[in-house]
Novice: 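Have a look at the structure that comes next, please.
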Amino acid sequence: MAALLEARAVSCRYGERRALAAVGFAACAGELTAILGPNGAGKSTLLKALAGLIPCEGRALLGGVCLADLPRREIARRIALVSQDPPVDAPFTVLELVLMGRAPHLGRLALEGPHDRQIAEQAMRDAGVLELASRPIDQLSGGERRRAFLARALAQEPQALLLDEPTAFLDMGHQGQVLEHAARLASSGLCVVAVLHDPNLAATWADKVVLMRSGSVVASGPTHEVLTAAALEDLYGARLVATRGVAGEGPFFATIRAGS
Ligand SMILES: Nc1ncnc2c1ncn2[C@@H]1O[C@H](COP(=O)(O)OP(=O)(O)OP(=O)(O)O)[C@@H](O)[C@H]1O
Ligand SMILES: [Mg+2]
């Protein structure tokens, strides 16, 4: 299957600090691709590079076309990124924020119409924030705010949805719901890329997994091939065991105490 999102030899720097070193990456429509790796590995930087939000060397491509050759507005229509740390002090209600997701689809100076409101409402329902629609963003809990920004990305109706730690701050129930919805979107044809810190969520929901360390991709491929206890021990420098569910689901991973 041809990749919708691709990075070819992408390198990024923040001043003197190199965050990505000639990274190769590909994610297809119809699949949920999870990126895992230790803090500072370059995961968020890669998502920003794939969304064309930071300058980099090499080529980031959308549907085979270099992002540098696409108008900013078209990129905004086709790629949505939910960042790891959405602003806390956004002076809007949840509904206003989510309606902003429609902006790339509207003509200049055009206001959103009933169709846009319907899409925003569905996005809020899918992200579990419909009942928060009239609440100011800066008065929400961390997890509620994350889901409000997810709803804005869903309202954007992108072809590629990039989620940076979408389950951080969420309770177990909402973690499952967010990834279940992301997997459903992938099944319906979207290209979904999610940075995750929990290998068990990746094992449960991802079609493909990419492992990153020190600005490089160290492994990538189908989830069951890449996600092994040995690979995760090596990646995180932690001791792990892998187990299976009663019906053979998994493998699932747990950290264990050194010496046990
Ligand atoms: N704005 C910045 N200015 C300078 N250095 C940065 C900046 N953002 C990130 N870095 C550095 O670039 C490297 C990669 O950061 P990045 O945020 O991509 O890591 P990450 O894999 O997403 O980590 P985490 O799991 O902690 O979110 C790190 O060494 C980080 O310190
Ligand atoms: Mg990050």
Side-chain angles (χ1 to χ4, degrees), residues 5-27 32-62 67 75 79-90 142-143 145-150 152-153 158 160-170 174-175 178-179 182 191-206 208-221 223 226-227 231-238 240 253-255:
L5 281 178
E6 227 181 313
R8 290 192 197 153
V10 164
S11 298
C12 291
R13 289 180 171 280
Y14 297 105
E16 288 299 297
R17 185 188 302 276
R18 190 173 67 173
L20 294 179
V23 164
F25 173 90
L32 198 171
T33 302
I35 303 177
L36 280 84
N39 294 135
K43 305 177 300 296
S44 298
T45 306
L46 177 59
L47 288 196
K48 288 177 199 159
L50 290 169
L53 295 175
I54 49 170
C56 53
E57 292 166 32
R59 282 150 64 85
L61 302 118
L62 173 62
L67 289 184
I75 297 173
I79 304 179
L81 168 67
V82 184
S83 66
Q84 182 174 352
D85 42 10
V88 182
D89 58 349
R145 193 177 308 119
R146 294 294 301 236
R147 288 187 279 121
F149 279 87
L150 173 66
R152 180 178 72 171
L161 179 62
L162 308 182
L163 304 171
D164 199 347
E165 299 191 29
T167 52
F169 298 109
L170 300 197
H174 281 114
Q175 287 186 7
V178 163
L179 284 174
C191 171
V192 183
V193 181
V195 171
L196 298 174
H197 275 305
D198 183 346
N200 294 320
L201 290 174
T204 306
W205 298 106
K208 301 261 175 69
V209 170
V210 172
L211 304 183
M212 289 187 73
R213 181 170 52 210
S214 305
S216 298
V217 168
V218 293
S220 63
T223 303
V226 174
L227 269 193
L232 293 171
E233 282 195 341
D234 183 49
L235 189 69
Y236 294 111
L240 291 165
F253 306 96
T255 48

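All residue numbers refer to positions in the sequence shown, counting from 1. Every heavy atom of this structure was used, including side-chain atoms; hydrogens, water molecules and symmetry mates were not. Indexing begins at 1, ligand by ligand and atom by atom, following the structure's order.
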Novice: So which heavy atom in the protein is nearest atom 16 (P) of ligand 1, and how far is it from that ligand atom?
Specialist: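 Closest protein heavy atom to atom 16 (P) of ligand 1: T45 OG1, 3.6 Å.
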Novice: Closer than 3.5 angstrom, by distance alone: can the side chain of K43 be matched with the main-chain N or O of P38 as a donor-acceptor pair?
Specialist: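 Yes, the answer is positive, given that a donor and an acceptor are paired below the 3.5 Å cut-off.
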Novice: Examine the proximity of ligand 1 to E165 and report which part, side chain or backbone, both or neither, has a heavy atom under 4.0 Å away.
Specialist: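 It is the side chain that touches ligand 1; the backbone stays farther off.
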Novice: If you measure from the Lys or Arg side-chain nitrogens to the Asp or Glu carboxylate oxygens, is any gap between R213 and D234 under 4.0 Å?
Specialist: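 Yes, R213 and D234 are salt-bridged.
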Novice: Any chance you could measure L36, atom CG, to M212, atom CE, to the nearest 0.5 Å?
Specialist: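 So the gap between those two atoms works out to 11.0 Å.
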Novice: What is the nearest protein non-hydrogen atom to atom 2 (C) of ligand 1, stated with its residue, atom name and distance?
Specialist: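 The protein heavy atom lying closest is Y14 CD2, 3.5 Å.
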Novice: Nearest to atom 21 (O) of ligand 1, what protein heavy atom do you find, and at what distance?
Specialist: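 Looking at atom 21 (O) of ligand 1, the protein heavy atom closest to it is K43 NZ, 2.7 Å.
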Novice: I need the nearest protein heavy-atom contact for atom 17 (O) of ligand 1: residue, atom name and distance, please.
Specialist: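 Sorting protein heavy atoms by distance from atom 17 (O) of ligand 1 puts S44 CB, 3.7 Å first.
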Novice: How close does the nearest protein non-hydrogen atom get to atom 14 (C) of ligand 1, and which residue and atom is it?
Specialist: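 The closest one turns out to be G40 O, 3.5 Å.
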Novice: Can you tell me if R8 uses its side chain to pair, donor with acceptor, with the backbone of L61 under 3.5 Å?
Specialist: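 Answer holds: no.
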Novice: State if G37 counts as touching ligand 1 under the rule of any non-hydrogen atom under 4.0 Å.
Specialist: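 No; G37 lies far enough from ligand 1 that no heavy-atom distance drops under 4.0 Å.
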Novice: If you round to 10 degrees, what value do you get for the angle at the Mg ion (ligand 2) between Q84 atom OE1 and S44 atom OG?
Specialist: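 It rounds to 80°.
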Novice: Using distance alone, with no hydrogens and no angle criterion, decide if Y14 and T45 have a side-chain donor and acceptor under 3.5 Å apart.
Specialist: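 Yes, because at least one side-chain N or O of Y14 sits under 3.5 Å from a partner of the opposite role on T45.
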Novice: If you measure from NE2 on H174 to CZ on R146, what distance do you get to the nearest 0.5 Å?
Specialist: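 Between H174 NE2 and R146 CZ, I get 13.5 Å after rounding to 0.5 Å.
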Novice: In terms of residue, atom name and distance, what is the protein heavy atom nearest to atom 11 (C) of ligand 1?
Specialist: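 Ranking protein heavy atoms by distance from atom 11 (C) of ligand 1, first comes R17 CD, 3.4 Å.
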Novice: Got L62 and L5 here, is their nearest side-chain heavy-atom distance under 4.5 Å?
Specialist: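 Of all side-chain heavy-atom pairs linking L5 with L62, at least one is under 4.5 Å.
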Novice: How far is atom 27 (O) of ligand 1 from its nearest protein heavy atom, and which residue and atom name does that atom have?
Specialist: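 Going by distance alone, atom 27 (O) of ligand 1 is nearest to Q84 NE2, 2.8 Å.
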Novice: Give the residue and atom name of whichever protein heavy atom lies nearest to atom 26 (O) of ligand 1, and the separation in Å to one decimal.
Specialist: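 The protein heavy atom lying closest is N39 ND2, 3.0 Å.
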Novice: Evaluate A41 for polar contact with ligand 1, using N/O atom pairs at a separation under 3.5 Å.
Specialist: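 Yes.
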Novice: May I ask you to list the atoms of ligand 1 that are less than 4.0 angstrom from any heavy atom of H197?
Specialist: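 That gives atoms 25 (O) of ligand 1.
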Novice: Please check if the side chain of T223 supplies one atom and the backbone of A206 the other of a donor-acceptor pair under 3.5 Å.
Specialist: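 Between the backbone of A206 and the side chain of T223 there is a qualifying donor-acceptor contact (under 3.5 Å).
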Novice: Using side-chain heavy atoms (C-beta onward) and a distance below 4.5 Å, is S220 in contact with V226?
Specialist: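 They are not in contact (no side-chain heavy atoms under 4.5 Å apart), so the answer is no.
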